[in-house]
Amino acid sequence: MKFFGRILAAWIGGAFGGLLVALLEARAVRSAEFVGDPWRLLAFLLGLVLPLALALATFAALYAIYLSPDEPLTIARATERVRSLPMLERSRLAAALPLAVVLGFAWLVTLANASPHLLERVSGAIGAELGMTSAVTLAVTFAVGLALLSPTRRLLARFAEKSHRFVDPASTFGVALALAVALFVLGIFLGDPSGKGMTPLAVFGVLARQELDLRPIYWLAILGMAGLVGQSLYAKQRGSLFFFATLSLAGTGVATFHAAHLDTPALARAVEQKAPFGKLVLAVLRKATDRDHDGYSPWFGGGDCDDHDKTRSPDAIEIAGNGVDEDCSGADLPRSVAADTQAKSVVTSAKIKPAKNLVLITIDTLRPDLGFLGYPKPVSPNLDRLAASSTVFERAYSMASYTGKALAPIVIGKYPSETKRNGAHFNSYDKANVFIAERFQEASI
């Protein structure tokens with residue numbers, strides 16, 4: 001019963017953690033100009049987050065039970081257990097724990113500063129070099145730790161005459177951990193977004209980049225901690241555990257059922273595009289429920305109208321007049337509409353005269369909210385006029401999520417993974433790549 005009670009308590013903590021993460025996700029989506037119903041948005045996010053929250057809570061509770069089978073694991077109890085050890089063991093831990101934290105942080109700083117220099121080289125063995133560097137520096141750090149263990153222990157024992165906290169593992173570990181976190185945060189402020197600065201800590205400045213969204217990691221940590229904190233409720237609130245745990249499970253079931261049967265594509269797209277954590281969970285759930293493996297699910301707003309037929313999905317090519325809705329738009333495309341579209345395409349192509357020059361216009365970080373793509377405000381009149389006499393591809397995908405890794409492969413004519421380049425933040429491309437201007441020059445164009 002004690003085992004089951006701690007699981008129930010963890011579920012309660014997980015449910016509260018899931019609610020908090022769903023609220024944070026809803027806030028992120030709404031701040032991105034979401035105009036839909038906020039309550040439906042929150043309900044959908046709860047259906048995505050709560051199952052994961054309860055799963056993580058169960059894992060956290062089982063791990064806590066493994067570490068402490070007799071009583072709920074808490075920081076206070078763990079501290080008491082460490083402080084009850086014999087004096088010799090306490091003094092060893094008081095020296096070993098802070099050394100592990102400080103030297104581990106030093107190893108991280110060293111590896112972070114060495115990595116950019118390795119990545120700047122155009123080499124096919126970058127992965128092996130990084131692995132070797134990591135292993136060697138870790139071995140050196142471990143050897144330094146062993147060498148410093150005895151001197152550190154003697155030093156702490158000398159100061160223990162003034163305060164017993166110098167031989168208290170909880171105190172020395174807490175001070176070392178606080179110091180490491182403070183230096184880590186300081187490095188973020190000292191460095192620029194490229195990781196450059198006056199001190200080795202400046203390499204952590206890259207974490208301040210706006211496009212580097214670390215919120216999913218934070219939210220995952222919240223869910224994990226919620227389960228650990230929840231299982232400690234067993235020692236204090238046993239009487240109401242069954243009621244609140246049942247309420248948490250029922251709420252999770254209702255929210256998940258609602259999310260699975262979502263019939264609002266705009267809301268699903270908003271989560272897919274703007275929810276930092278929800279979009280990752282949504283992608284996993286859709287892939288898990290995609291039975292015909294065509295890339296679309298009939299659940300969670302995936303839009304697949306026939307999950308037993310790969311030829312029918314929102315990305316399929318519609319065949320006009322055959323009585324089948326291939327692209328899941330809701331109806332088959334009539335032949336008359338298809339004929340008009342084809343005729344307009346022929347007329348447009350007839351007006352295009354062969355040209356001797358090629359003009360490539362690229363626009364960096366442009367959103368699709370343009371007039372010719374359906375945006376009601378006149379924000380792109382010149383592009384709208386150009387699009388009226390052009391072929392418009394409404395489903396175009398960037399080569400990469402970052403300009404330096406997307407633009408060059410376009411003018412090389414290869415996928416980013418096929419180009420010869422270094423691994424630095426600002427890529428340099430090897431002379432072995434042939435750019436489109438070089439091909440024109442070879443062809444005397």
Side-chain angles (χ1 to χ4, degrees), residues 32-33 35 211 265-266 268-270 272-274 294-296 303 305 311-322 324-419 427 429 433-445:
E33 301 180 5
V35 295
E211 63 268 30
R269 282 195 299 270
E272 190 176 357
Q273 296 172 3
K274 304 299 182 182
D294 61 356
Y296 291 89
C305 53
T311 64
R312 299 185 65 195
S313 73
D315 199 32
I317 298 176
E318 180 70 17
I319 301 175
N322 66 345
V324 180
D325 177 22
E326 284 89 359
D327 62 358
C328 296
S329 62
D332 182 31
L333 181 67
R335 288 188 180 276
S336 58
V337 175
D340 291 344
T341 304
Q342 185 176 7
K344 289 180 181 178
S345 176
V346 172
V347 171
T348 301
S349 61
K351 294 179 181 179
I352 300 176
K353 297 180 179 180
K356 296 182 179 180
N357 298 318
L358 173 66
V359 178
L360 176 64
I361 302 174
T362 62
I363 306 176
D364 191 20
T365 60
L366 179 66
R367 285 171 42 151
D369 302 334
L370 303 171
F372 65 90
L373 290 177
Y375 192 62
K377 297 181 181 179
V379 295
S380 54
N382 294 325
L383 288 177
D384 295 345
R385 285 193 292 272
L386 177 63
S389 59
S390 306
T391 299
V392 177
F393 296 91
E394 297 182 354
R395 290 176 179 264
Y397 301 90
S398 175
M399 299 283 275
S401 60
Y402 187 74
T403 305
K405 295 172 176 57
L407 188 57
I410 291 176
V411 293
I412 292 174
K414 293 183 178 181
Y415 288 109
S417 59
E418 298 174 319
T419 60
N427 289 129
Y429 288 83
N433 297 295
V434 182
F435 289 81
I436 190 171
E438 296 176 286
R439 296 189 184 277
F440 284 161
Q441 187 178 32
E442 292 175 359
S444 301
I445 297 178

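Computed from a predicted structure; not experimentally measured. Only this structure's heavy atoms are used, side chains among them; waters, hydrogens and symmetry mates stay out.
- In this structure, CG in Asp384 is found 7.0 Å from CG in Leu370, a value given to the nearest 0.5 Å.
- Shown here is Ile317, whose CD1 atom has no more than 12 heavy atoms of other residues, nucleotides or ligands within 6.0 Å.
- A donor-acceptor pair shorter than 3.5 Å can be found between the side chains of Asp327 and Ser329.
- Atoms CE and OG, from Met399 and Ser417 in turn, are 8.5 Å apart once rounded to the nearest 0.5 Å.
- Residues meeting the salt bridge (charged side-chain N to carboxylate O under 4.0 Å, His left out) test with Asp369, sequence neighbours left out: Arg367.
- Side-chain contact between Val392 and Leu373 is present, with at least one heavy-atom pair separated by less than 4.5 Å.
- At least one side-chain heavy atom of Glu318 sits less than 4.5 Å from a side-chain heavy atom of Asp325.
- Minimum interatomic distance between Tyr415 and Pro409 (heavy atoms only, all atoms of both residues): C-CB, 4.4 Å.
- When all heavy atoms of Pro416 and Ala400 are compared, the pair lying nearest together is CG-CB, 4.5 Å.
- In this view, Thr311 and Asp309 satisfy the side chain to side chain donor-acceptor pair (under 3.5 Å) rule, not counting sequence neighbours.
- Once rounded to the nearest 0.5 Å, the distance linking CD of Glu394 with CZ of Phe372 reads 9.0 Å.
- The backbone N or O of Ile319 sits less than 3.5 Å from a side-chain atom of Glu326, completing a donor-acceptor pair.
- Rounded to the nearest 0.5 angstrom, Ile412 CD1 and Thr419 OG1 are separated by 5.5 Å.
- One finds the CD1 atom of Ile410 at 7.0 Å from the OG1 atom of Thr362 (value rounded to the nearest 0.5 Å).
- The two atoms that bring Tyr429 and Asn433 nearest to each other are CB-ND2, 3.7 Å, heavy atoms only.
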